[in-house]
Amino acid sequence: MEVAAVLIILVIVVTVALVLASAFWPEPEQDQEPAKSETGAAVPEPPAGPTTLEGALVAQLISGEISARQYRRAVAKLAARDDQRQPVRPPTGLV
């Protein structure tokens with residue numbers, strides 16, 4: 001009876017040790033390959049910095065390079081320029 005109890009305890013201890021070892025075992029590092037789209041072509045990584053003038057202005061505002069007043073003035077100039085280049089006209093006949 002004592003031998004059976006010792007064997008059962010030994011099996012339980014070994015099982016717990018294996019479970020804990022598998023839970024904390026480090027994962028093997030996988031080679032980082034560039035992401036691919038469904039067609040198999042490599043997907044370019046997004047740029048690190050802002051890609052638009054508005055984004056550059058926001059980055060300058062956040063970093064403290066320009067003041068809030070300068071930011072508002074620059075965005076107003078951008079809006080006026082966009083209105084000249086691509087004016088938005090309301091559709092006719094809706095009223």
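Since this is a predicted model, take the numbers as computed values, not measurements. For this chain, numbers begin at 1 and follow the sequence in order.
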Please list every donor-acceptor pair under 3.5 Å in which a side-chain atom of residues 82-91 meets a protein atom from a residue at least two apart or in another chain.
none

Review item, side-chain donor-acceptor pairs of residues 8-22, under 3.5 Å, at least two apart:
unit_1, atom_1, unit_2, atom_2, d
T15, OG1, V11, O, 2.7
S22, OG, L18, O, 3.3
S22, OG, V19, O, 2.9

Sequence neighbours excluded and cut-off under 3.5 Å, please list the side-chain donor-acceptor pairs for residues 58-71, or say none.
unit_1, atom_1, unit_2, atom_2, d
S63, OG, A59, O, 3.1
S63, OG, Q60, O, 3.1
S63, OG, E65, OE2, 3.3
S67, OG, Q70, N, 3.2
Q70, OE1, S67, N, 2.8

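Looking at residues two or more places apart in sequence or on another chain, you find a side-chain contact (heavy atoms from CB on, under 4.5 Å) between L53 and L78, R81.
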